[in-house]
> 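Take a look at the following structure, please.
Throughout, protein chains are lettered first and strands after them, A, B, ... in sequence-line order, and every chain is numbered starting at 1. The structure presented is a predicted model; accordingly, all values stated were derived computationally and were not measured.
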Amino acid sequence: MSILVIAEHDNSSLKPATLNTITAAQSIGGDIDLLIAGADCGGAANEATKVSGIGRVLVADNPAYGHRLAENIAPLIAEVGASYSHILAPATTTGKNIIPRVAALLDVQAISDISSVESADTFKRPIYAGNIIATVQSSDSIKVLTVRTTAFDAVSAEGGTASIEALTSIHNSGNSSFIGEELAVSERPELTAARVVISGGRGMASSDNFQLLEKLADKLGGAVGASRAAVDAGFVPNDMQVGQTGKIVAPDLYIAVGISGAIQHLAGMKDSKVIVAINKDEEAPIFQMADYGLVADLFDVVPELNTKL
Amino acid sequence: MKVLVAVKRVVDYNVKVRPTADGSGVDLNNVKMSINPFCEIAVEEAVRLKEKDPATEIVAVSIGPQQAQEQIRTSLALGADRGILIKSDTDLEPLAIAKCLKAICDQESPDLILMGKQSIDGDNNQTGQMLGALTGYPQGTFASELIVEGGKAKVTREVDGGLQTVGLSLPAIVTTDLRLNEPRYASLPNIMKAKKKPLDTTSPEELGIDTTPRVTTLKVEPPPERAAGIKVADVDDLLYKLKNEAKVIS
Ligand SMILES: Cc1cc2nc3c(=O)[nH]c(=O)nc-3n(C[C@H](O)[C@H](O)[C@H](O)COP(=O)(O)OP(=O)(O)OC[C@H]3O[C@@H](n4cnc5c(N)ncnc54)[C@H](O)[C@@H]3O)c2cc1C
Ligand SMILES: Nc1ncnc2c1ncn2[C@@H]1O[C@H](COP(=O)(O)O)[C@@H](O)[C@H]1O
């Protein structure tokens, strides 16, 4: 078995999701190479050589790959990946954008969001907002997979001695261009990797009130998330949405504040170790999922939590 | 401009499905079916483009059983001009769906293809990107804003870190995210009118598509149950339990 893992990075450094994806690759078993496609991505490539479990780091460093445009990167991955038995990427928005395009170029049916490896060709994945876990077997010659990072531990970012190999192949489709981005800057840990997540819903009632949760997050060293309703209402940006169609989180502690617990929200957080729900409606479905439920007005108890912590 | 919209018939988002008793599949008996919410957003976006440029034609395509006509009719009632049903009684995989849509693109030569980012049943999030590979068209996935101007599409995308904007030459594929728009409700007169709009039927065989599955579902099961939780009396009780029982804070 030979496995190509597609690194998630921002050119200067490697994103943690890469480390979880390597663990998934290890549970398939075989030689693992890591592909870094970017522009001026030497920083990320150097970090990658230290990651444990990697044989070679393949680096495609070219302006065409700078913003991870699928039209340019997919043909690169399809070309390099054609000689591997497996191609894996984290199920981040970058992975989800690129991997199906790679699979179709290789005439392969990709498998999205695997949550467990049963064997080299058989995987589990959640469907129907996580209400069903399907065990699926691929008959394609190359298995093309995206990995649910919360379902796999991270390999160590240190201790490896991988070699770097430069790739010279350039794919520039010329039909898409990067115009700009607005990226959130936060001092807090990344939502999908945080040990504690505090999420607010429609019950937060305003953008300003999210400061209550930020304060709590800072006391607990956590990240702040949100329900779709809170994002749609404009309280917080889209990158904070937790759920079936947002981010998947599985922290040690998840605190849902003013969130009712729709199946689409539960899909994104129900694998958390300990779930706390704060809601003034004792019938709210979130309480069926919560280890500790507090029926109360959030505007009374969140400030109290902030004082007592 | 011609816009192709791909709409899928799926279990309604309010339904919590379960495995069948023998674990071989998902129990869909007497379950309410709807248009995939992301596809509804795609139809709405097409209709808004047409409201700006009345020369636009909107073609709604669905691959599915005969009943998927209902979802095409819904799209027609929302403002699509005609429909194409690619009839298949078995569930097709995203790659096969993308191949069917590629065949329709070859016939129709649309300038823009609008699709959902994800079907809420299979949660694949693949078909638009696959169609991109098969046609060679650029893709703007997870769109929260779309501007079509001067033969180009400008797409703002919801990405993990925030928002990214890309420029695509037409023809292009755009997949919708939740914030792109809020779909309208079909009015009764429009529902009546939709019944008279043209709806053609074809099949993967007629289009010459090999739909042999590549992935077999061996088993389906419910997710692990969580042990029932408790209600705590107040903030002090909560903090005590988080510290001493769950040991997740110190
Ligand atoms: C296609 C599709 C995809 C979706 N994807 C997602 C997704 O990824 N993530 C997601 O979250 N949702 C998603 N949804 C939306 C989901 O169905 C729900 O609408 C949403 O999760 C509801 O958000 P909420 O719980 O914040 O709001 P509500 O359901 O309105 O609940 C608000 C809660 O706050 C409580 N509350 C109000 N005031 C207070 C107070 N002062 N103190 C304490 N409690 C208070 C209320 O009792 C209520 O329970 C999706 C829906 C669709 C159709
Ligand atoms: N059977 C289908 N018929 C029409 N469109 C489909 C079908 N399956 C998927 N699509 C389109 O592809 C999008 C993404 O679906 P998926 O890749 O299955 O998550 C959907 O929102 C539709 O726009």
> The test is side-chain contact (heavy atoms from CB on, under 4.5 Å); show your working for B/Thr141 and A/Lys96 and say whether it passes.
CA-CA 9 Å; B/Thr141 52; A/Lys96 291 180 200 167; over 6 Å; no
> Looking at B/Pro138, B/Ser169, B/Ala233, which has the largest count of heavy-atom pairs under 4.5 Å with chain A?
B/Pro138
> Using a 4.5 angstrom heavy-atom cutoff, name the option from B/Glu225, B/Gln164, B/Glu182, B/Gln139 with the most pairs to chain A.
B/Gln139
> Please classify the contact of A/Ser115 with chain B as side chain, backbone, both or neither, using a heavy-atom distance under 4.5 Å.
neither
> Check each atom of A/Gln241 against the heavy atoms of chain B and say whether the ones under 4.5 Å are side chain, backbone, both or neither.
side chain
> Which bit of A/Glu71 comes within less than 4.5 Å of chain B, counting heavy atoms only: side chain, backbone, both or neither?
side chain
> Write down the atom of B/Val248, the atom of A/Asp252, and the distance for their closest heavy-atom approach.
CG1-O, 3.7 Å
> If you measure from CG on B/Asp123 to CD on A/Gln244, what distance do you get to the nearest 0.5 Å?
4.5 Å
> Tell me whether the count of non-hydrogen atoms from other residues, nucleotides or ligands lying under 6.0 Å of NZ in A/Lys273 goes above 12.
no
> Looking at every heavy atom in both A/Asn175 and B/Tyr137, which two are closest together, and how far apart are they?
ND2-C, 4.1 Å
> State, to 0.1 Å, how close A/Leu69 and B/Val166 come at their nearest heavy-atom pair, and which atoms those are.
CD2-CG1, 3.8 Å
> For chain B, which residues from residues 299-309 of chain A have at least one heavy atom closer than 4.5 Å to it?
A/Val301, A/Glu304, A/Leu305, A/Lys308, A/Leu309
> In terms of heavy-atom pairs under 4.5 Å, which option from B/Val232, B/Leu131, B/Val10, B/Leu168 contacts chain A the most?
B/Val232
> Just so I know, are the side chains of A/Asn238 and B/Arg157 near enough to count as touching, which here means a heavy-atom distance under 4.5 Å?
no
> Select one option (side chain, backbone, both, neither) describing which atoms of A/Val108 are under 4.5 Å from chain B's heavy atoms.
backbone
> What are the two closest non-hydrogen atoms of A/Asn97 and B/Gln129, and how far apart are they?
O-CG, 3.3 Å
> Might you point out which heavy atoms bring A/Arg101 and B/Ala133 nearest each other, and give the distance in Å?
O-CB, 3.3 Å
> Looking at OG1 of B/Thr165 and CZ of A/Phe178, how far apart are the two atoms once the value is rounded to the nearest 0.5 Å?
8.0 Å
> Given a strict heavy-atom distance threshold of 4.5 Å, which part of B/Gln118 is in contact with chain A: side chain, backbone, both, or neither?
side chain
> Give the C-alpha distance, both sets of side-chain angles, the deciding distance and a yes or no for side-chain contact (heavy atoms from CB on, under 4.5 Å) between B/Asp160 and A/Lys247.
CA-CA 8 Å; B/Asp160 286 339; A/Lys247 285 183 179 158; 3.6 Å; yes
> Given a strict heavy-atom distance threshold of 4.5 Å, which part of B/Ala98 is in contact with chain A: side chain, backbone, both, or neither?
neither
> With only heavy atoms counted, which part of A/Arg125 is less than 4.5 Å from chain B, the side chain, the backbone, both or neither?
side chain
> Who among B/Gly229, B/Gly161, B/Pro222 has the most heavy-atom pairs with chain A under 4.5 Å?
B/Gly161
> With rounding to the nearest 0.5 angstrom, report the OG to NZ distance, A/Ser177 to B/Lys152.
5.5 Å
> With a 4.5 angstrom heavy-atom cut-off, could you sort out which part of A/Gln264 is near chain B: side chain, backbone, both or neither?
side chain
> Can you tell me which portion of B/Ile230 sits under 4.5 Å from chain A's heavy atoms? Options are side chain, backbone, both or neither.
both
> Counting only non-hydrogen atoms closer than 4.5 Å, can you tell me which residues of residues 212-220 of chain B sit against chain A?
B/Pro213, B/Arg214, B/Val215, B/Thr216, B/Thr217, B/Leu218, B/Lys219, B/Val220
> Just to be sure I understand the criterion: a residue of residues 171-179 of chain B counts if one of its heavy atoms is under 4.5 Å from a heavy atom of chain A. Which ones qualify?
B/Leu178, B/Arg179
> Just how far is it from atom CD1 of A/Ile255 to atom CG of B/Leu238, taken to the nearest 0.5 Å?
7.0 Å
> Going by atom type alone, with no hydrogens or angles, which donor-acceptor pairs under 3.5 Å involve a side-chain atom of residues 287-295 of chain A and a protein atom two or more places apart or on another chain?
{"from": "A/Asp291", "atom 1": "OD2", "to": "A/Ile275", "atom 2": "N", "distance (Å)": "2.7"}
{"from": "A/Asp291", "atom 1": "OD2", "to": "B/Arg226", "atom 2": "NH2", "distance (Å)": "2.9"}
{"from": "A/Tyr292", "atom 1": "OH", "to": "B/Glu245", "atom 2": "OE1", "distance (Å)": "2.5"}

> Between B/Lys99 and A/Asp107, is any pair of side-chain heavy atoms under 4.5 Å apart?
yes
> For the residue pair A/Pro100 and B/Asn125, what are the closest heavy atoms and their distance?
CG-O, 3.7 Å
> Is chain B contacted by the side chain of A/Leu183, its backbone, both, or neither, given a heavy-atom distance below 4.5 Å?
both
> Which bit of B/Ala153 is near chain A, if near means a heavy-atom gap under 4.5 Å: side chain, backbone, both or neither?
neither
> Could you tell me which portion of A/Ile263 (side chain, backbone, both or neither) has an atom closer than 4.5 angstrom to a non-hydrogen atom of chain B?
side chain
> With a 4.5 angstrom heavy-atom cut-off, is it the side chain or the backbone of A/Lys270 that approaches chain B, or both, or neither?
both
> When heavy-atom pairs shorter than 4.5 Å are enumerated against chain A, which of B/Ser250, B/Gly136, B/Ala228 gives the highest number?
B/Gly136
> Against chain B, label A/Ala74 side chain, backbone, both or neither, depending on which of its atoms sit under 4.5 Å from a heavy atom there.
neither
> Non-hydrogen atoms of chain A under 4.5 Å away: do they reach the side chain of B/Leu239, the backbone, both or neither?
side chain
> Taking B/Asp237, B/Asp236, B/Leu170 one by one, which has the highest count of heavy-atom pairs under 4.5 Å against chain A?
B/Asp236
> Which atoms of B/Ile249 are under 4.5 Å from chain A, going by heavy atoms: the side chain, the backbone, both sets, or neither?
side chain
> What distance separates A/Leu266 CG from B/Lys16 NZ, expressed to the nearest 0.5 Å?
8.0 Å
> Heavy-atom cut-off 4.5 Å, strictly under: side chain, backbone, both or neither for B/Lys117 against chain A?
side chain
